[in-house]
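Throughout, a chain's letter reflects where its sequence line sits, starting with A, and its residues are numbered from 1.
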Amino acid sequence: MLLRAAWRRAAVAVTAATGPKAAAPTRGLRLRVRDCAPRSAVPADTAAAPEAGPVLRPLYMDVQATTPLDPRVLDAMLPYLVNYYGNPHSRTHAYGWESEAAMERARQQVASLIGADPREIIFTSGATESNNIAIKELEAAIQPDTSLVSIMTVNNEIGVKQPIAEIGQICSSRKVYFHTDAAQAVGKIPLDVNDMKIDLMSISGHKIYGPKGVGAVYIRRRPRVRVEALQSGGGQERGMRSGTVPTPLVVGLGAACEVAQQEMEYDHKRISKLAERLIQNIMKSLPDVVMNGDPKHHYPGCINLSFAYVEGESLLMALKDVALSSGSACTSASLEPSYVLRAIGTDEDLAHSSIRFGIGRFTTEEEVDYTVEKCIQHVKRLREMSPLWEMVQDGIDLKSIKWTQH
Amino acid sequence: MAASSRAQVLDLYRAMLRESKRFSAYNYRTYAVRRIRDAFRENKNVKDPVEIQTLVNKAKRDLGIIRRQVHIGQLYSTDKLIIENRDMPRT
């Protein structure tokens, strides 16, 4: 009764109703089929729900994997998906001209966020393509003394910020090209390609509340950095990336960059406070929790914690009402522990216990509190079941154990 | 046109909040309400009428964005989040 009353209070949109007497809502995600009618894909093993009730979605705390579109970005894109559908390379009519104008406006928005000139921005299909273009440059300009340094600005697994300005300084003095994959950093921390002496930079749309399938590569003009095109064709994007530039997507990327520039300080302050709240509340209620990554040079929105004596995958599955990850999405299919954690010298067993919490522009205090509460509850429960934990409680030093071979 | 009066700014503020509460997605709804409150609070002591007008114009554009995006969100709405069931909707 209370549930239904609360549900009605919270409801804003009206979806196709399942009927006046709603069954108890189940947790999870439903498989979306063509129509929007709520139909649960969750098998009815819960005794209380003979007919499918509404499904409750998990909280999203995995912003390093991808981010939701900011409503301002979608609003900017839609006209180019509805009426302004011209090819930006069509020179002979207004459809082409208006599409081209939008593309160039977006280019300026991206350039402005990183302190670059618009002529130095080439649109691509994402940061991965941008990385490939930048790295291929090495093969294109092969000389005995040429080399390229490539560094991630902010790591996507543990949130560590690399000393980009210092690295840029060293590279510039040694006449070495400096590329950085700034996918997780653009729009979140201040970046200036001139202050930091960056020659090449990869930008990803869907990491900064923009659309998926678009990105950009920044290629310095002064002094000129030569790159070789990965894909050849009609010579678009100064010959560096042939293919019709997808105006709706680049408009989205541009809008995302402009919003990011305006909101950077506000977002950073809020995300830092929420991160502090999450870490403090977990650590004060649970012993043996380690934060991976240098706490001093750290982007607050990416928190990687290792819970000793708890298997990361079990914790992830237990936290089924929160969308989380352990390690990066690009390696999530493999069972190996994170290469990043291994690289920073994390113990094998702690590396298997790591969870990454992502806090973004749209994360609320309620979501953080819920995540913390569930995390504490399940870590305690899993530890209760763990023989290793029991041994530790009895004062046994796990490192001193001689495990027998079977 | 005369510069925006205090009453007009307040009307705009209320209209933006009212519209934002209609977002069907929890995260968009809470963000919009929170951001509008914080932005108006942050700028409450601005005295220069030109600056005030610039801010008001931007707010009007944003109100248009919110209206359209609320509508689209309702057309494509989906299930609620797990925490929307537990507590009252607030920022």
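- Residues B:Y28 and A:D70 fail the side-chain proximity criterion, which asks for heavy atoms closer than 4.5 Å.
- No side-chain heavy atom of A:R57 sits less than 4.5 Å from a side-chain heavy atom of B:I82.
- Between B:E84 and A:L56, the closest side-chain pair of non-hydrogen atoms is not below 4.5 Å.
- With sequence neighbours excluded, no residue satisfies ring-ring contact (aromatic ring centres under 6.0 Å, His included) with A:Y266.
- Residue A:E263 touches chain B through its side chain alone, counting heavy-atom pairs closer than 4.5 Å.
- For A:Q184, there are no side-chain hydrogen bond (donor to acceptor under 3.5 Å, both in side chains) partners, not counting sequence neighbours.
- Interface remark: A:R361 contributes backbone and side-chain atoms alike to the contact with chain B (heavy atom separation under 4.5 Å).
- With hydrogens and angles left out, the side-chain atoms of B:Y31 and A:T364 include no donor and acceptor closer than 3.5 Å.
- Scanning residues 75-82 of chain A against chain B with a 4.5 Å heavy-atom cutoff picks out A:D75, A:L78, ordered by number.
- Summarising the geometry, atom CD belonging to A:E365 is positioned 9.0 Å from atom CZ belonging to B:R34; distances are rounded to the nearest 0.5 Å.
- For A:T247, the side-chain hydrogen bond (donor to acceptor under 3.5 Å, both in side chains) test picks out A:S99, with sequence neighbours left out.
- Summarising the local packing, OH of B:Y13 is surrounded by more than 12 heavy atoms from other residues, nucleotides or ligands at distances under 6.0 Å.
- Side chains of B:T30 and A:E366 form no contact here, defined as non-hydrogen atoms less than 4.5 Å apart.
- With a 4.5 Å cut-off on non-hydrogen atoms, B:I66 does not touch chain A at all.
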